[in-house]
Amino acid sequence: MLTRHWISELPAHVGQRVAVHGWVMTTRSSGRIAFVVVRDGTGSLQGVIGKADVAPEVWERFTSLTQEACVRLEGSARADARSPGGVELSVTDLSVLGSSADFPITPKEHGTAFLMERRHLWLRSRRQIAIMRVRDEIIKAIRDFFYDRGFALVDTPILTGSIGESAGTLFETEYFDLGKAYLAQTGQLYLESACAALGKVYCFGPTFRAEKSKTRRHLTEFWMVEPEVAFSTSDDNMRLQEEFIAYIVARVLDRRKEELKELERDTSKLEAITAPFPRVSYTEAVAQLRTKGSSIEWGSDFGAEDESRLVEGRDKPVFIFNYPKSAKAFYMKENPDDPRTVLCNDCLAPEGYGEIIGGSQREDDHDKLLARIRHDGLAEEAYGWYLDLRRYGTFVHSGFGLGVERTVAWVTGSPHIREMIAFPRMMYRLYP
RNA sequence: UCCCGAGUAGCUCAGCUGGUAGAGCAGCCGGCUGUUAACCGGCGGGUCGGGGGUUCGAGUCCCUCCUCGGGAGCCA
């Protein structure tokens, strides 16, 4: 029995007889010669067979292969420039390990509704594979970035009793005799507690928003990474963000060239992503927008159109900082230089990808925080533990949240966030 | 929740001011020794999203419901 090798290992076995297992991507035949391309997750390989070179039953088996059948190919590995990947297999025998009749996703055009209904099979497509590889690289880069800088990963609960922020709609479930529980839409408040224990921390997990959003930028379940740093001001926070984003982009450029090529990503756009990023205060931004014809009033948040105007013509992400208190969450620290505003920032990605980060310095004054909780009409008793952090050694601290799927969409140059996660959860999609 | 748009062959779509449905691809059969979404010839394939209405006649016009897509709001 020949030894099975992963396709990626074959360059080291040129000239040898090997076996490969994989799924059939395409077949082509030309009378007396036939080709098959198989994929095993490490790469793809073209197998060639000549009718005159093998027994008739082997030829018959080869020419009747169907798309996505799982097969074992045996033959000799050969360097061949005509073959994609440079190595080719001269097939001497083959067997079907798992048959596949009428695979629904043919190598022709399909709409996304059709493909999403078959997401479990769509994942096998080249483009989807490339996206999943880039996502994996981004996640590994995120973990390395924080680990290398002494951050501790702290996993925060997904089932929560209190409501994280005032804004947003939460998924609800019954929780034994304790009433309602909610799926977390942020780990931040818990992370602030851990921050007082470990100094530099982050959480990274799924987060849930029950908003009835139907846009290319929204999922109901998405992954968010949230660092929190003790003794860090809003300025420090933005410096961390730009270093972080530049690191992620550089890492993908370095290690996922093949995938970016498969995705036809214009990498010059990514090469431009170096710190520092431009910073515009909210107040400045409003003034700029008004000269460009926007009807925005100071005090309200930017609409989608305003947001794209702010990024227009820039080749780097841009920070918008210090928004009006009324437009932001209760936990953000009041700006001592302008108490109408809070110390916070959004980070808008270039090329129209919009907000990928929201961050802030946190309110560390007990009484001001309590006043905000009351002002926003939040259930005060649910925040007792959170207020405790301001009673026992309160401290300056800041953090932010980065949306993983939005980041993957930007880095891969994809028009829609739903392909950035294996099984997207959207308002009208719970299957597969 | 609101505003647009779309549901016609397995897939992607065309079908004009109403006259009883068409293309490309896929599939199947045949041909071709180097193909890269191969190519050439042939064949089969439809309750036009559901229901109701107008009309001699509806894929086409009207009403209604369903499903999906995009956007707004909200946010990562």
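Worth saying up front: this structure is predicted, and the values here are computed from it rather than measured. In the text below, chain A, chain B and the rest are named by the order of the sequence lines, each starting its count at 1. Computation of the quantities below employed the complete heavy-atom set of this structure, encompassing side-chain atoms and omitting hydrogens, waters and symmetry-equivalent molecules.
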Looking only at atom C1', what distance separates B:rG31 and B:rC66, rounded to whole Å?
48 Å
Relative to the 5' end of RNA chain B, which residue comes earlier, A:Asp301 or A:Arg118, by the nucleotide with the nearest heavy atom?
A:Arg118
Using whole Å, report how far CZ of A:Phe114 lies from C1' of B:rU12.
10 Å
Got a salt bridge between A:Glu228 and A:Arg362, using NZ or NE/NH1/NH2 to carboxylate O under 4.0 Å?
yes
Whole angstroms only, please: what is the CD1-C1' distance between A:Ile142 and B:rA76?
12 Å
Separation of the C1' atoms in B:rC25 and B:rC43, to the nearest angstrom
16 Å
When the P atoms of B:rU60 and B:rC3 are compared, how many Å lie between them, rounded to an integer?
24 Å
Does any N or O in the side chain of A:Ser398 come within less than 3.5 Å of the main-chain N or O of A:Ser232, such that one atom is a donor and the other an acceptor?
yes
Describe the nucleic acid contact of A:Leu402 in one word from base, sugar-phosphate, nothing, applying a heavy-atom distance below 4.0 Å.
nothing
Base, sugar-phosphate or nothing for A:Ile357? Non-hydrogen atoms, less than 4.0 Å.
sugar-phosphate
On the nucleotide B:rA38, are OP1 or OP2 found under 4.0 Å from the side-chain N or O atoms that A:Arg28 carries?
yes
Got a salt bridge between A:Arg429 and A:Glu117, using NZ or NE/NH1/NH2 to carboxylate O under 4.0 Å?
yes
Distance in angstrom units between A:Leu191 CG and B:rA76 P, rounded
15 Å
P gap between B:rC68 and B:rC75, integer Å
26 Å
Does A:Phe208 have any ring pair (Phe, Tyr, Trp, His ring centres under 6.0 Å) partners at least two apart in sequence or in another chain, and if so, which?
none
Applying a 4.0 Å non-hydrogen cut-off, can you work out what A:Phe222 is touching in the nucleic acid: base, sugar-phosphate, or nothing?
base
Do A:Trp298 and A:Thr283 have side-chain N/O donor and acceptor atoms under 3.5 Å apart?
yes
Counterpart base for B:rU36, defined by Watson-Crick or G-U wobble contacts under 3.5 Å
none
Do nucleotides 26-34 of chain B as a string where each nucleotide becomes B, S or -: B if the base has a protein heavy atom under 4.0 Å, S if just the sugar-phosphate does, - if no protein is that close.
S-----BBB
Under 4.0 Å between any heavy atoms, over every strand shown, what does A:Gly358 touch: base, sugar-phosphate, or nothing? Just pick one.
sugar-phosphate
For the pair A:Arg133 (side chain) and A:Glu258 (backbone), establish whether a donor and an acceptor sit closer than 3.5 Å, ignoring hydrogens and angles.
no
Here the pair of heavy atoms bringing A:Arg209 nearest to A:Phe222 is CG-CE2, 3.6 Å
For nucleotides 67-72 of chain B, just jot down a letter per nucleotide in 5' to 3' order: B, S or -, based on protein non-hydrogen atoms under 4.0 Å.
-SBBBB
Whole angstroms only, please: what is the CG-C1' distance between A:Leu115 and B:rU12?
11 Å
Rounded to the nearest angstrom, tell me the gap between atom CG in A:Leu121 and atom P in B:rG10.
19 Å
Watson-Crick or G-U wobble mate for B:rA21, both contacts under 3.5 Å
none
Taking B:rA37 as the reference, what is the distance to B:rG50 when you measure between their C1' atoms (whole Å, please)?
37 Å
Determine whether any donor atom in the side chain of A:His218 lies under 3.5 Å from an acceptor atom in the base of B:rC75, or the reverse, and answer yes or no.
yes
Would you call the rings of A:Tyr282 and A:Tyr323 parallel, tilted or perpendicular if under 30° counts as parallel and over 60° as perpendicular?
tilted
Scan A:Gly354 against the nucleic acid and name what it touches under 4.0 Å (heavy atoms): base, sugar-phosphate only, or nothing.
nothing
Answer yes if the side chains of A:Arg72 and A:Ser95 hold a donor-acceptor pair under 3.5 Å, and no otherwise.
no
Starting at CD of A:Glu307 and ending at P of B:rG73, how long is that distance when rounded to a whole Å?
9 Å
Using the C1' atom as the reference point in each nucleotide, state the distance between B:rG71 and B:rA9 in Å, no decimals.
32 Å
To the nearest Å, how far apart are A:Glu117 CD and B:rC11 P?
12 Å
When rounded to the nearest Å, what value does the distance between C1' atoms of B:rG52 and B:rG69 take?
27 Å
Is there a Watson-Crick or G-U wobble partner for B:rA14 with both distances under 3.5 Å, and which nucleotide is it?
none
Could you work out the separation of B:rC11 and B:rG57 based on their P atoms and round it to a whole Å?
32 Å
Compute whether any side-chain donor of one residue and acceptor of the other, for A:Gln288 and A:Arg309, lie under 3.5 angstrom apart.
no
Separation of atom CZ in A:Arg209 from atom C1' in B:rC75, rounded to whole Å:
6 Å
Verify whether one side chain among A:Gln188 and A:Tyr331 offers a donor that lies under 3.5 Å from an acceptor in the other.
yes
